[in-house]
Amino acid sequence: MSMHFVSGATGKTGGDVVRRLLAAGHGVRTIARSVEKATALTAAGVDVLVGDGSDAALLARAVEGVDKVVVIYPNGPEQAELERALLDASVAAGVPHIVKLSSMEAMRRNSNPVHRAHFESESSIRESGIAWTMIRPNFYMQNFLPNAVTIRSEGRFYLPMGAGQAAMTHTGDVSEVIALVLTQPGHENQVYELTGPEVLSFTDVADRFSSVLGRKVEYVDQDPEAFRQHLARFVKSAWQLDAVCDIFRGIREGYVASPTDSFQKLTGRVPRSLTDFIVDNRGLFSMA
Ligand SMILES: NC(=O)c1ccc[n+]([C@@H]2O[C@H](COP(=O)([O-])OP(=O)(O)OC[C@H]3O[C@@H](n4cnc5c(N)ncnc54)[C@H](OP(=O)(O)O)[C@@H]3O)[C@@H](O)[C@H]2O)c1
């Protein structure tokens, strides 16, 4: 059985990749930032090193002898450096294959700092000589999880997307594809763009919530500047605030990706729908 290093193993996508690998009998190594998180992962059967992903000495030990490395880091001013450090350690250790969680908008012409960080990280990996696979999802359905509070209490959610649309992706589809790339041959030097099965406006999203939850849920469009001020109460990093508001502005102004057939070609199944996502998380969105 193979052994893989998975970064971001306590996060949404990485956590599910780890569960899938362990269930299939593969070995997983990771770095966890706290003893508490390390203990839970160790109990699940993961080989855990405790520390920070910016620690070069720790990274060298973490990627020693692994078959593949998965790069998953959250958006922020440190993302590019964390990904660079993991790439450098992988090159030094002779890792044969890197799988990077990127974004569908990782293009040079895009000025958004999140998308630029992905573009630059993808470019460094391609230039490193290691075999690579780029996983580029569209807007995550899981981005609606923070809206559960007002969906439960008011039957409304507030976002500044106007009449914008997105072909939203389920993180379970993303982790399934990453696990498949790790455990099957033949995915070297491929880009997989992952979307859900349909393009939805945020009013369509509200209608889906209404029909699954059996009560009216409404999308309330927000003025972008007012929304930014509201978000600033929770998001303390200016970098993060600017980046998120810019992504939302892009959707409001009409950026929309067409659904892709990558997931179906890779798995033989249709991608999970927004209805599937709401059904799976019905308890979170339902009134007590
Ligand atoms: N949201 C979307 O719509 C969307 C769409 C396309 C692509 N993406 C991409 O998805 C990626 C994020 O994936 P996700 O949502 O699954 O991530 P996530 O849930 O935010 O998890 C991030 C993980 O990274 C770990 N981490 C952060 N800083 C670290 C450090 N210094 N050292 C070691 N570990 C560190 C976290 O550990 P702790 O538990 O210790 O914090 C956590 O395990 C981003 O690159 C984003 O661009 C997102």
Side-chain angles (χ1 to χ4, degrees), residues 5-20 28-41 46 48-56 58-59 62-63 69-86 89 99-107 110 112-122 125 134-147 159 161 164 166-179 191-196 205 235 237 239-240 243-244 246-248 250-251 255 257 260 262 274 277:
F5 176 80
V6 181
S7 53
T10 51
K12 292 184 289 295
T13 322
D16 202 37
V17 171
V18 169
R19 281 187 285 280
R20 287 172 189 277
V28 180
R29 196 179 295 154
T30 195
I31 290 177
R33 291 198 287 177
S34 73
V35 173
E36 192 188 7
K37 288 179 178 177
T39 305
L41 286 164
V46 179
V48 189
L49 290 83
V50 180
D52 195 277
S54 59
D55 180 337
L58 191 67
L59 280 171
V63 299
V69 161
V70 182
V71 181
I72 302 178
Y73 282 115
N75 303 137
E78 313 82 18
Q79 181 171 8
E81 267 182 47
L82 285 166
E83 297 198 3
R84 182 80 228 186
L86 182 50
V99 183
K100 170 170 160 55
L101 177 57
S102 183
S103 153
M104 234 169 136
E105 294 143 300
M107 299 173 288
N110 197 319
N112 182 281
V114 170
H115 302 147
R116 283 206 66 82
H118 279 310
F119 175 80
E120 280 159 22
S121 187
E122 281 198 15
I125 293 169
M134 306 303 173
I135 310 294
R136 293 178 171 181
N138 198 28
F139 187 94
Y140 276 177
M141 292 173 190
Q142 278 68 11
N143 293 339
F144 290 109
L145 291 174
N147 301 107
L159 285 170
M161 312 305 205
M168 296 149 199
T169 314
H170 195 297
T171 56
D173 287 355
V174 179
S175 54
E176 186 172 342
V177 168
I178 293 175
V191 175
Y192 296 132
E193 298 200 320
L194 301 177
T195 68
V205 171
V235 178
S237 148
W239 189 103
Q240 199 111 26
V244 169
D246 188 63
I247 289 172
F248 287 3
I251 294 173
Y255 165 78
T260 68
S262 306
L274 185 74
F277 164 75

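All heavy atoms count here, side chains included; hydrogens, waters and symmetry mates do not. Counting starts at 1 for both ligands and their atoms, following the listed order.
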Q | Location of contacts on Lys37 toward ligand 1, heavy atoms closer than 4.0 Å | A | side chain

Q: Note the single closest protein heavy atom to atom 5 (C) of ligand 1, along with its residue, its atom name and the distance in Å.
A: Asn138 O, 3.4 Å

Q. How long is the span from the OH atom in Tyr255 to the CG atom in Asn138, to the nearest 0.5 Å?
A. 5.5 Å

Q: Specify whether Phe248 and Phe139 have parallel, tilted or perpendicular ring planes, treating 30° as the upper limit for parallel and 60° as the lower limit for perpendicular.
A: tilted

Q. Just wondering, more than 12 heavy atoms not from Gln142 lying within 6.0 Å of its CD?
A. yes

Q: Carefully, step by step, assess Val174 and Leu101 under the rule side chain to side chain contact (heavy atoms under 4.5 Å, CB included).
A: CA-CA 9 Å; Val174 179; Leu101 177 57; 3.8 Å; yes

Q: May I ask you to identify the nearest protein heavy atom to atom 41 (O) of ligand 1, giving residue, atom name and distance to one decimal place in Å?
A: Arg33 NH2, 2.8 Å

(Q) Students should be able to answer this: which protein heavy-atom is nearest to atom 45 (O) of ligand 1, and at what distance? (A) Tyr73 O, 2.8 Å

Q) Hey, which atoms in ligand 1 end up nearer than 4.0 Å to a heavy atom of Thr13? A) 13 (O), 14 (P), 16 (O)

Q) Contact between Glu78 and ligand 1, counting heavy atoms under 4.0 Å? A) no

**Q.** Close side-chain approach of Thr10 to Arg33, heavy-atom, < 4.5 Å
**A.** no

**Q.** Leu101: numbered ligand 1 atoms lying under 4.0 Å from its heavy atoms
**A.** 10 (O), 11 (C), 13 (O)

Q: Would you please determine whether Val174 falls within less than 4.0 Å of ligand 1 on a heavy-atom basis?
A: no

(Q) I need the single residue from Val70, Leu194, Val191 that forms a side-chain contact (heavy atoms from CB on, under 4.5 Å) with Ile135. Which is it? (A) Leu194

Q. Can you tell me which residue and heavy atom of the protein come closest to atom 31 (N) of ligand 1, and the distance to 0.1 Å?
A. Asp52 OD1, 3.1 Å

Q. Taking it one step at a time, do Ser103 and Val114 satisfy side chain to side chain contact (heavy atoms under 4.5 Å, CB included)?
A. CA-CA 9 Å; Ser103 153; Val114 170; 5.5 Å; no

Q) How far is atom 25 (C) of ligand 1 from its nearest protein heavy atom, and which residue and atom name does that atom have? A) Gly8 CA, 3.9 Å

**Q.** Heavy-atom pair with the smallest gap, counting every atom of Thr30 and Ala9
**A.** OG1-CB, 3.4 Å

Q | contact_flag Gly15 ligand 1 heavy-atom lt 4.0 Å | A | no

Q: Tell me, please: is Met104 in heavy-atom contact with ligand 1, that is, under 4.0 Å?
A: no

Q. Are the side chain of Arg136 and the backbone N or O of Ser102 linked by a donor-acceptor pair below 3.5 Å?
A. no

(Q) Distance alone, cut at 3.5 Å: any donor-acceptor contact between the side chains of Ser121 and Tyr73? (A) no

**Q.** Which of the ligand 1 atoms, numbered from 1, are nearer than 4.0 Å to a heavy atom of Thr10
**A.** 36 (C), 37 (O), 38 (P), 39 (O), 42 (C), 43 (O)

Q) Which residue holds the protein heavy atom closest to atom 15 (O) of ligand 1, what is that atom called, and what is the gap in Å? A) Lys12 NZ, 2.9 Å

Q: Could you list which atoms of ligand 1 come closer than 4.0 Å to a heavy atom of Leu82?
A: 31 (N)

Q) Where does Ser34 meet ligand 1, judged by heavy-atom distances below 4.0 Å: at the side chain, the backbone, both, or neither? A) neither

Q: State, with a plain yes or no, whether a side-chain heavy atom of Thr169 is found less than 4.5 Å away from one of Met104.
A: no

**Q.** Identity and distance of the protein heavy atom lying nearest atom 7 (C) of ligand 1
**A.** Ser102 O, 3.2 Å

Q.
Quick check on contacts: which atoms of ligand 1 are under 4.0 angstrom from a heavy atom of Phe139?
A. 3 (O)

Q) Is Ser54 near ligand 1, meaning one of its heavy atoms is under 4.0 Å from it? A) no

Q.
Just to be sure I'm reading this right: ignoring hydrogens, which of Gly53, Pro74, Ser175 gets closest to atom 20 (O) of ligand 1? Compare them by their nearest heavy atoms.
A. Pro74

Q) At a 4.0 Å threshold, what atoms of ligand 1 neighbour a non-hydrogen atom of His118? A) 45 (O), 46 (C), 47 (O)

Q) For ligand 1, is there an atom lying under 4.0 Å from some heavy atom of Asn143? A) yes

Q) Passes side chain to side chain contact (heavy atoms under 4.5 Å, CB included), Ser54 versus Glu78? Steps please. A) CA-CA 9 Å; Ser54 59; Glu78 313 82 18; over 6 Å; no

Q. If you round to the nearest 0.5 Å, how far is CD of Glu193 from CD of Glu105?
A. 10.0 Å

Q.
With heavy-atom distances below 4.0 Å as the criterion, list the atoms of ligand 1 near Ala9.
A. 43 (O)

Q: Decide side chain to side chain contact (heavy atoms under 4.5 Å, CB included) for Ile125 and Glu83; before the verdict, give the C-alpha distance in whole Å, the side-chain angles of both, and the deciding distance to 0.1 Å.
A: CA-CA 9 Å; Ile125 293 169; Glu83 297 198 3; 5.5 Å; no

Q: Please work out whether any backbone atom (N, CA, C, O) or any side-chain heavy atom from C-beta onward of Thr169 is under 4.0 Å from ligand 1, and answer side chain, backbone, both or neither.
A: neither

Q | atom 6 (C) of ligand 1 - nearest protein heavy atom and its distance | A | Pro137 O, 3.4 Å

(Q) Would the distance check show the side chain of Ser175 and the main-chain N or O of Thr13 forming a donor-acceptor pair, the cut-off being under 3.5 Å? (A) no

